[in-house]
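Numbers for residues simply follow the sequence, beginning at 1. Only heavy atoms go into these numbers, but all of them, side chains included; no hydrogens, no water, no symmetry mates.
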Amino acid sequence: MALLQLAPSFKDYIWGGHRLVEEYNKQYEGDVLAESWELSCHPDGPSRIVNGAFAGKTLQEYIEGQGKEVLGTNCQRFEDFPILIKFIDARDNLSIQVHPDNEYAKRVEGQYGKTEMWYIMDCKEGAFLYYGFKEEISREEYERRIKEDTLLEVLNKVMVQKGDVLFIEAGTIHAIGKDIVIAEIQQNSNVTYRVYDYGRVGKDGKKRELHVEKALDVTNRTPMVRSKSFQPHVASCEYFTVDSLYLDGRAMKKMEGHVDETSFASIIFMEGEGCVRSGGEELKFRKGDSFFLSAGSGAYEVEGFCQALVTRVTSIL
């Protein structure tokens with residue numbers, strides 16, 4: 001089978017809202033939905049197959065049953081499924097955090113590090129993110145500011161609008177601000193080191209744990225350069241390449257693509273409705289849907305109107 005529609009796993013973190021249910025058609029009954037893990041083989045939140053002979057199975061079970069060939073030759077260098085894709089609804093500010101690189105994460109946590117990209121799907125006027133430091137600081141000052149709750153004073157605040165993209169390399173201190181909905185493409189990791197959390201408490205009534213020593217070990221304390229270009233792609237790194245797909249439903253209402261043996265393709269739809277065709281199968285899509293096309297599945301079509309992201313695993317650069 002070449003074309004799979006996926007159902008996500010859900011996360012009810014305290015900073016989440018309800019827009020993924022109300023606007024992106026997520027079938028979830030809780031009060032707070034912070035994240036939907038749209039393409040995931042991570043044990044903390046696997047996605048499941050909706051259609052066909054594999055309906056009800058996890059994506060990981062499908063891969064184990066069909067063989068790693070469905071992932072493509074570019075994935076052979078990875079021990080585990082290499083990427084994870086999410087929708088994120090930040091009703092409130094997320095914690096200030098940092099992710100380790102592969103070497104540190106494998107040694108300390110037993111899983112991949114985390115380089116990621118954010119695509120701003122929607123946001124309110126005045127929305128912002130934290131992205132790196134304004135100026136280079138010492139490890140000693142970094143640690144002191146964490147202890148004194150003055151870390152925000154030295155972070156780089158970036159105003160954002162719909163359609164903006166940020167690439168966050170492992171080691172970059174960052175945080176999503178409130179009133180932002182994001183598509184996140186990242187390495188397959190759930191390792192986050194929290195350094196500041198606005199004094200919030202979790203469901204247990206206790207302040208959420210900070211990970212100061214590990215954060216001090218992995219944080220890049222020099223300013224980040226946001227202007228890095230990935231043309232013609234939305235983003236590209238050694239783990240993933242992301243392209244934008246836009247159809248207006250009038251002058252442009254059909255796109256033809258090809259999935260070769262080098263990588264599977266993931267398509268997430270952020271707007272629109274229509275259908276996806278591949279291997280003689282046709283599935284309808286709407287805003288918020290996620291599809292997986294196996295490596296080597298050949299030609300496919302997307303018809304309708306949409307704003308979508310197409311992700312593949314990159315060859316070694």
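Between Trp37 and His42, the ring planes lie perpendicular to each other; the angle is over 60°, past the 30° to 60° tilted range. A tilted orientation is assigned to the rings of Trp15 and Tyr13, their planes being inclined by 30° to 60°.
Looking at Thr58 and Gln60, their side chains never bring a donor and an acceptor atom within 3.5 Å of each other. A donor atom on one side chain and an acceptor atom on the other are found under 3.5 Å apart for Asp44 and Asn190. Between the side chains of Gln186 and Tyr112, no donor-acceptor pair of N or O atoms lies under 3.5 Å. A donor and an acceptor atom, one from each side chain of Asn102 and Tyr239, are located under 3.5 Å apart. Remark: the Asn51 side chain and the Glu281 side chain contain an N/O donor-acceptor pair separated by less than 3.5 Å.
The pair Lys86-Glu116 does not meet the salt-bridge criterion, since no charged nitrogen lies less than 4.0 angstrom from a carboxylate oxygen. At a threshold of 4.0 Å, the pair Glu103-Arg107 counts as salt-bridged, since one of the basic side-chain nitrogens sits closer than that to a carboxylate oxygen. Ion pair Glu140/Arg144 not flagged as a salt bridge, since none of the NZ, NE, NH1 or NH2 atoms sits closer than 4.0 Å to an Asp/Glu carboxylate oxygen. Note on Arg139 versus Asp217: salt bridge recorded, some NZ/NE/NH1/NH2 to OD/OE distance being below 4.0 Å. Using a cutoff of 4.0 Å between basic side-chain nitrogens and carboxylate oxygens, Asp89 and Arg19 are not scored as salt-bridged. Salt bridge annotation for Arg277-Glu282: present, with a cationic side-chain nitrogen under 4.0 angstrom from a carboxylate oxygen.
There is no path of hydrophobic side-chain contacts, each under 4.5 Å, that joins Val195 to Val218. Hydrophobic clustering (side-chain heavy atoms under 4.5 Å, transitive across Ile, Leu, Val, Met, Phe, Trp, Tyr) keeps Phe269 apart from Val50. Note: the hydrophobic cluster containing Leu59 also contains Leu309 (ILVMFWY, side chain heavy atoms under 4.5 Å, direct or indirect links). Two different hydrophobic clusters hold Val108 and Leu216 under the rule that ILVMFWY side chains link at heavy-atom gaps under 4.5 Å. Both Val154 and Leu152 belong to a single network of hydrophobic side chains, linked directly or stepwise wherever heavy atoms of I, L, V, M, F, W or Y lie under 4.5 Å apart.
In this structure, CZ on Arg145 lies 9.5 Å from CG on Leu155, to the nearest 0.5 angstrom. Between atom CD1 of residue Ile146 and atom CD of residue Glu141 there is a gap of 11.0 Å, rounded to the nearest 0.5 Å. Between atom NZ of residue Lys214 and atom OH of residue Tyr104 there is a gap of 6.0 Å, rounded to the nearest 0.5 Å.
Not a single donor-acceptor pair under 3.5 Å links the side chain of Tyr28 to the backbone N or O of Ser9. Proximity of a side-chain donor or acceptor of Arg208 to a complementary backbone N or O of Arg200 within less than 3.5 Å is not detected. Judged purely by atom type and a 3.5 angstrom limit, Thr314 uses its side chain to pair as donor or acceptor with the backbone of Cys237.
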Let's go through Leu3 and Leu293 carefully: what are the C-alpha distance in whole Å and the side-chain angles of both, what is the deciding distance for side chain to side chain contact (heavy atoms under 4.5 Å, CB included) to 0.1 Å, and is it a yes or a no? CA-CA 5 Å; Leu3 177 61; Leu293 289 86; 4.0 Å; yes
Is there a side chain to side chain contact (heavy atoms under 4.5 Å, CB included) between Leu151 and Ile173 once you walk through the steps? CA-CA 11 Å; Leu151 185 61; Ile173 194 165; 3.9 Å; yes
Worked check of salt bridge (Lys or Arg N to Asp or Glu O under 4.0 Å) between Glu271 and Lys162: CA-CA 12 Å; Glu271 298 284 352; Lys162 186 174 181 178; 3.5 Å; yes
Are Val70 and Ile63 close enough, and set up right, to give a side chain to side chain contact (heavy atoms under 4.5 Å, CB included), and what steps lead you there? CA-CA 7 Å; Val70 300; Ile63 295 166; 4.2 Å; yes
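Across every non-hydrogen atom of Gln27 and Phe10, the tightest pair is O-CE1, 3.4 Å. Nearest approach of Cys306 to Val302, heavy atoms of both residues: SG-CG1, 4.3 Å. In this structure, Leu6 and Glu38 approach most closely via the heavy-atom pair CD1-O, 3.6 Å. Taking both residues in full, the closest heavy atoms of Val310 and Ala265 are given as CG1-CB, 4.4 Å, listed atom of the first, atom of the second, then distance. Contact between Ser263 and Asn74 at its shortest, heavy atoms only, is CB-ND2, 4.3 Å.
Annotation: cation-pi geometry not satisfied between Lys57 and Tyr62 (NZ/CZ under 6.0 angstrom from ring centroid, within 45° of ring axis).
Taking the ring centroids of Phe81 and Phe264, they lie under the 6.0 Å cut-off. Between Phe133 and Tyr142, the distance from one ring center to the other falls under 6.0 angstrom.
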